[in-house]
Every structure is written in structure tokens, then in C-alpha cells.
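One structure is given below, encoded as C-alpha cells.
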Amino acid sequence: MPQETPAPKAIAIVTGAAGDIGRAIARRLAEGHDVVVLADIDGGAAERAARDLGDEARFVAVACDVTDARSVAAMAEAASSRGLVRTLVNNAGAARAVSLHDTTPEIWRMDNALNLEAAFLCFRAVEEMLKRSRGSVVNIASVNGMAVFGHPAYSAAKAGLLHLTRLIAVEYGKFGIRANAVAPGTVRTQAWKARAAANPQVFDEAKRWYPLERIVDPEDVANAVHFLAGPQASAISGVCLPVDCGLTAGQAEIARTFSQSSHY
Ligand SMILES: NC(=O)c1ccc[n+]([C@@H]2O[C@H](COP(=O)([O-])OP(=O)(O)OC[C@H]3O[C@@H](n4cnc5c(N)ncnc54)[C@H](O)[C@@H]3O)[C@@H](O)[C@H]2O)c1
């Protein structure tokens with residue numbers, strides 16, 4: 001009797017997985033994947049996050065600088081040694097300067113390298129595996145990629161990331177590869193540490209602009225990623241799903257002024 005070859009393990013890669021959003025995504029993607037690779041430039045933090053989530057057979061930490069092609073290739077190799085990549089979540093990201101006036105050419109390049117080019121590098125490193133698995137990419141963009149809310153270089157890179165999402169969807173659709181983006185609004189994470197230290201009220205002040213009168217939780221982002229990466233989204237490709245408590249739908253304060261209606 002010929003032996004049937006067992007199906008390769010389904011791998012999800014989450015970059016920036018030591019951060020609050022990345023960790024929540026990694027936890028959620030364990031549903032539907034055999035192994036989750038937590039890739040982060042801070043290898044120690046990735047290891048702590050992985051052990052916090054479960055054993056090494058399910059959650060694998062890999063130290064990886066996603067802006068460095070060689071480091072990304074090594075991370076893809078580590079993932080391929082454990083199975084076949086079915087989902088790539090480009091989540092690593094950071095914003096460095098708050099205004100265009102404060103943006104140096106170096107900051108512009110760094111923000112674009114981390115928030116845009118890295119997603120391209122990671123996708124190219126795993127594209128052959130995604131073809132074999134007919135897998136998908138989920139890019140963690142931001143509402144900053146959709147309208148101006150400060151952080152110019154980061155915003156331009158996130159807008160580029162939304163376009164990269166569409167580029168992958170169109171060119172790689174014939175291989176069964178889907179690409180989608182999630183655009184979170186304000187999420188209370190380490191990324192806000194300096195701003196929260198300077199103004200402890202920053203999250204309460206932010207709520208004012210959100211129609212749902214709250215900010216986003218890391219789990220809200222993780223739920224959207226899980227949906228887009230899963231079979232229920234099998235006909236969805238090239239879209240951006242805002243997870244923003246209604247922020248990009250419009251502004252009640254502006255509607256109140258323009259309509260002079262107290263219902264807003
Ligand atoms: N927090 C928010 O309000 C918010 C809003 C919209 C979008 N986002 C996006 O969500 C994603 C996660 O953000 P977060 O708030 O969890 O940030 P975070 O700072 O908590 O985590 C980011 C993680 O990325 C890692 N990282 C940084 N540079 C890296 C590199 N070169 N290679 C690999 N890993 C690297 C960091 O070590 C960190 O663990 C980012 O893409 C961010 O732009 C966040």
C-alpha cells in the first residue's frame with residue numbers, strides 16, 4: 001500500500017509579533033494554523049511572547065529585522081523548515097516624527113523602510129510558499145494611510161502599503177493568493193508610550209473623535225485579521241478593512257456644524 005504523504009503544517013507568520021497588536025494576532029491565528037511564527041527585531045521579546053502564548057511546537061519566535069532582506073530570508077527559511085506558509089501578516093511598524101516640518105530625510109527613509117518596503121521584502125521571501133498553499137497576506141496599515149492624522153512619513157508609507165495590497169491582489173490572484181489590509185484607528189499599545197507619558201489623558205481625548213466613543217483593542221484588530229486570513233473571506237482580495245470605531249466614516253462634530261442638527 002503506498003503511504004500517503006501527510007499535508008505540510010500550515011504556518012502563519014506575524015511580524016512585529018512582540019508588540020501588543022502582533023501578539024494578539026498571533027494568538028488568534030493559532031486558530032486555523034498549526035504553527036505561528038512570531039518574527040520581531042527584539043528576539044528576546046518575541047521569545048517571551050511566544051512562551052506566553054504556548055509551547056514551541058505551536059509558537060516559534062524568530063529574531064528578524066524586516067527591513068533587512070537577509071534577515072527576512074533567514075526568517076522565511078526558519079518558517080519553511082516547519083511547514084508551508086499559508087498566512088503572512090505584515091504587522092511590524094512604527095512612526096517617528098509627528099509633523100512634516102520635523103521629518104528629516106533619514107526619518108522619511110526609515111519610516112518607509114519599516115512600514116512599506118519591509119512588507120514587500122517579506123512577501124517576496126514567502127511568495128513561492130503562498131503560491132503552493134494558495135495562501136494570503138494581511139497588511140496592517142492604519143487610518144493614517146487613508147487621511148491625514150499626523151505622522152507624515154509613516155502615513156505616506158501606510159498609504160503605499162494599501163497600494164501594495166492591491167498590487168499583490170491583482171498580480172498574484174491567478175495563483176490563488178489573496179491580499180488584504182486592516183487599517184486600525186487608535187490602539188492602546190507600547191507605540192503610544194511616549195505620548196501617553198507626555199499626556200496621560202491622550203486616550204480619553206482621542207475617544208472624542210471616534211463615533212463609537214472608544215478606541216480600538218488589539219483583539220479587535222486580531223479578529224479582523226483572522227477573518228481576512230480565513231476561509232470565510234475566500235472571495236475577498238485587495239480590500240482595506242478599517243477597524244477604527246467609525247473614525248473614517250465621518251465626524252459627528254463636523255456633521256453637527258454643517259447640518260445644525262442636535263442629533264449628532
Ligand atoms: N497602536 C496604534 O494606535 C496603531 C494604529 C494603527 C496602526 N497600527 C499599526 O499596527 C502595527 C503594530 O503596532 P503596535 O501599536 O502593536 O506597535 P508596537 O510598538 O507595540 O509593536 C511593534 C513591534 O514591531 C517590532 N519592530 C519594530 N521594528 C522592527 C523591525 N525592523 N523588524 C521587526 N520587528 C520590528 C517592535 O520590536 C515591536 O515589537 C504597526 O504596523 C502599526 O503601524 C498601530
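In listed order, ligands and their atoms are each counted from 1. This is a predicted model, so every value here is computed, not measured.
Ion pairing between a basic and an acidic side chain is recognised when a charged N comes within 4.0 Å of a carboxylate O; Glu127 and Arg124 show such pairing.
Around atom CD of Glu106, no more than 12 heavy atoms belonging to other residues, nucleotides or ligands sit under 6.0 Å away. When the shell of 6.0 Å around CD of Glu213 is examined, it contains 12 or fewer heavy atoms from other residues, nucleotides or ligands. More than 12 heavy atoms of other residues, nucleotides or ligands shown are found within 6.0 angstrom of CZ on Arg195.
Between Phe203 and Trp192, the ring-plane angle classifies as tilted under the 30° and 60° cut-offs. The aromatic rings of His151 and Tyr154 sit perpendicular to each other, their planes meeting at more than 60°, with 30° as the lower class boundary.
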Distances for all N or O pairs of ligand 1 and the protein under 3.5 Å?
| unit_1 | atom_1 | unit_2 | atom_2 | d |
| --- | --- | --- | --- | --- |
| ligand 1 | 1 (N) | Val187 | O | 3.1 |
| ligand 1 | 1 (N) | Thr189 | OG1 | 3.2 |
| ligand 1 | 3 (O) | Val187 | N | 2.8 |
| ligand 1 | 3 (O) | Val187 | O | 3.2 |
| ligand 1 | 3 (O) | Trp192 | NE1 | 2.8 |
| ligand 1 | 15 (O) | Thr189 | OG1 | 2.5 |
| ligand 1 | 16 (O) | Ile21 | N | 3.3 |
| ligand 1 | 31 (N) | Asp65 | OD1 | 2.9 |
| ligand 1 | 32 (N) | Cys64 | O | 3.4 |
| ligand 1 | 32 (N) | Val66 | N | 3.0 |
| ligand 1 | 34 (N) | Ile41 | N | 3.2 |
| ligand 1 | 37 (O) | Asp40 | OD1 | 2.6 |
| ligand 1 | 39 (O) | Gly19 | N | 3.2 |
| ligand 1 | 39 (O) | Asp40 | OD1 | 3.4 |
| ligand 1 | 39 (O) | Asp40 | OD2 | 2.7 |
| ligand 1 | 41 (O) | Asn91 | O | 2.7 |
| ligand 1 | 41 (O) | Lys158 | NZ | 2.9 |
| ligand 1 | 43 (O) | Tyr154 | OH | 2.5 |
| ligand 1 | 43 (O) | Lys158 | NZ | 3.1 |

